[in-house]
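These notes concern the structure reproduced below.
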Amino acid sequence: MTTAATRAVGVDIGGTGIKGALVDLTTGTLLSERVKVPTPAGAEPDDVLGAVRIVLSALDVTDADIPLGVAFPAIVKRGITKSAANVSQRWIGFEAEKFFEDGLGREIHFANDADVAGVAELRYGAARDTEGLVILTTLGTGIGTALLHNGVLIPNSELGHLQRSQRRRDAEAYAAYSAKQRDGLDWKKWAARLQWYYSHLEFLLSPDLFIVGGGVSKHADAFLPLLRLDTPIVPAVHRNNAGIIGAAALAVS
Ligand code: BGC
């Protein structure tokens, strides 16, 4: 008889940092400290693999018996990365899941970073028990999105790349947290950009709830009250750990 694992490791690869922790799958909480290393400049596959190895050994979880989920900031279809907005172009059409499995010498579960954050909020957070359409957005180096409809993830939405208009920047270049930092925007000026973004999503998709994740979600009080939307908008319960928790959760499903 096999018993379902109650713990798994989640590793969340982002455009700026690679974070990992051991996760309690019953409660969706971290069982270890969170280890974070910078994403290597250029985010080439070998360098990213090396950084993931560092995270796993710092966590002391190189044991292949503990399920491992890895989240990545790109479209992921059948283990293949299909886009590369904030990582090396080499990831496009790359057998990433197999690459990590070979490099780490173990099985992994591999998925898009925003999608796994959506799963974490669905199972253990702000999207639990919400009917209809929930859109989770991560505001970080890029903008990631997860669409959750009646508790089911519709994978690989890329609504951070909505085009603003011809020849102008896409949504993430205009409104991600990195755009706030790059352009030196205060909360009010950044919120004006977010207002455009969330209003546009609201018009296109008529969601029932927006959830805001990413590192900046810990400062949600500084910008969410400035937005005027018909749709409720709340920070991710698990803030920037949602990616780690969701990656771990998917590793055993
Ligand atoms: C990528 C998405 C990712 C998001 C957040 C975007 O640039 O295209 O796949 O989810 O960044 O990391």
For D183, enumerate each residue passing the side-chain hydrogen bond (donor to acceptor under 3.5 Å, both in side chains) test, keeping only those at least two apart in sequence or located in another chain.
R193
Applied to residues 200-214, the side chain to side chain donor-acceptor pair (under 3.5 Å) test, sequence neighbours excluded, yields E202-T231
Does atom CG of N150 have more than 12 heavy-atom neighbours, drawn from other residues, nucleotides or ligands, at distances under 6.0 Å?
yes
I'd like to know if the side chain of T16 reaches the main chain of T141, judged simply by a donor and an acceptor atom lying under 3.5 Å from each other, with no hydrogens or angles considered.
no
Tell me whether L122 shares a hydrophobic cluster with I154, the cluster being built from Ile, Leu, Val, Met, Phe, Trp, Tyr side chains joined at under 4.5 Å.
no
Residues clustering with V152 (ILVMFWY side chains joined when closer than 4.5 Å, directly or via others):
none
Pairwise distance OG(S165) to CG(D170) - rounded to 0.5 angstrom:
11.5 Å
Looking only at heavy atoms, which two atoms of P67 and V252 are closest? And how far apart?
CG-CG1, 3.3 Å
For V237, which residues count as a side-chain contact (heavy atoms from CB on, under 4.5 Å) partner, sequence neighbours excluded?
E121, A126
Measuring from F203:CZ to D230:CG, what's the distance to the nearest 0.5 Å?
12.5 Å
Flag, side chain of K180 to backbone of L185, donor-acceptor distance under 3.5 Å:
yes
Considering only heavy atoms from C-beta outward, does the side chain of V76 approach that of I80 to under 4.5 Å?
no
Heavy atoms of other groups near Q181 CD, more than 12 under 6.0 Å:
yes
Nearest 0.5 Å, please: how far is CD1 in I143 from OG1 in T138?
8.0 Å
Can you confirm whether more than 12 heavy atoms, excluding those of Q163, are under 6.0 Å from its CD atom?
yes
Cluster question for you: counting only ILVMFWY and a side-chain heavy-atom cut-off of under 4.5 Å, with indirect links fine, are V87 and V70 together?
yes
Answer with yes or no whether the hydrophobic clustering places L68 together with L22; edges join I, L, V, M, F, W, Y residues whose side-chain heavy atoms lie under 4.5 Å apart.
yes
Salt bridge (Lys or Arg N to Asp or Glu O under 4.0 Å) filter on R7, not counting sequence neighbours, yields none
Rounding to 0.5 Å, atoms CG (L159) and CG (L205) come to a distance of 6.0 Å
For residues Q195 and L229, determine if any side-chain heavy atom of one lies less than 4.5 Å from a side-chain heavy atom of the other.
yes
Quick note, ring-ring contact (aromatic ring centres under 6.0 Å, His included) partners involving residues 160-181, not counting sequence neighbours, are Y174-W196, Y177-W190
Start with the C-alpha distance between I135 and L147, add both sets of side-chain angles, then the distance that settles side chain to side chain contact (heavy atoms under 4.5 Å, CB included), and finish with yes or no.
CA-CA 5 Å; I135 304 180; L147 298 184; 3.8 Å; yes
Paired with F72, the ring-ring contact (aromatic ring centres under 6.0 Å, His included) test is passed by just one of F94, F99, W91, namely W91
State, with a plain yes or no, whether a side-chain heavy atom of T39 is found less than 4.5 Å away from one of N86.
no
Is the shortest side-chain heavy-atom distance between P73 and I13 below 4.5 Å?
yes
Not counting sequence neighbours, list each pair that qualifies as a side chain to side chain donor-acceptor pair (under 3.5 Å) and has a residue in residues 237-250.
R34-N241
Can I get a per-line list of side-chain donor-acceptor pairs under 3.5 Å for residues 217-227, giving both atom names and the distance, sequence neighbours left out?
residue: S217; atom: OG; partner: G214; partner atom: O; Å: 2.6

Checking E44 now: which residues fulfil side-chain contact (heavy atoms from CB on, under 4.5 Å) with it, not counting sequence neighbours?
D47, S88, R90
Sorted by chain and residue number, the salt bridge (Lys or Arg N to Asp or Glu O under 4.0 Å) partners of K77 (sequence neighbours excluded) come out as none
Does CZ in R182 sit with more than 12 non-hydrogen atoms of other residues, nucleotides or ligands closer than 6.0 Å?
yes
If I compare all heavy atoms of A251 with all of G69, which pair ends up nearest, and what's the gap?
CB-N, 3.5 Å
Does any non-hydrogen side-chain atom of V23 lie less than 4.5 Å from one of Y124?
no
Heavy-atom side-chain proximity of L59 to S32 below 4.5 angstrom
yes
If hydrophobic clusters are built from ILVMFWY residues whose side chains come within less than 4.5 Å, do I211 and L162 share one?
no
For D24, give me all partners under side-chain contact (heavy atoms from CB on, under 4.5 Å), at least two apart in sequence or on another chain.
T26, T27, T29, L31
Same cluster or not: L209 versus L148, using hydrophobic residues (I, L, V, M, F, W, Y) connected whenever any side-chain heavy atoms lie under 4.5 Å apart?
yes
List the atom pairs, donor and acceptor, that lie under 3.5 Å between side-chain atoms in residues 101-120 and the rest of the protein, sequence neighbours left out.
residue: E101; atom: OE2; partner: I108; partner atom: N; Å: 2.9
residue: D102; atom: OD2; partner: K98; partner atom: NZ; Å: 2.8
residue: R106; atom: NH1; partner: D63; partner atom: O; Å: 3.2
residue: R106; atom: NH1; partner: I66; partner atom: O; Å: 3.2
residue: R106; atom: NH2; partner: I66; partner atom: O; Å: 2.6
residue: N112; atom: OD1; partner: A114; partner atom: N; Å: 2.9
residue: N112; atom: OD1; partner: D115; partner atom: N; Å: 3.0
residue: N112; atom: ND2; partner: A74; partner atom: O; Å: 2.9
residue: D115; atom: OD2; partner: N156; partner atom: N; Å: 2.8

Could you report the tightest heavy-atom contact between A248 and A8, atom names first, then the distance?
O-CB, 3.5 Å
Consider only side-chain N and O atoms of Y197 and T137, and report whether a donor and an acceptor are under 3.5 Å apart.
no
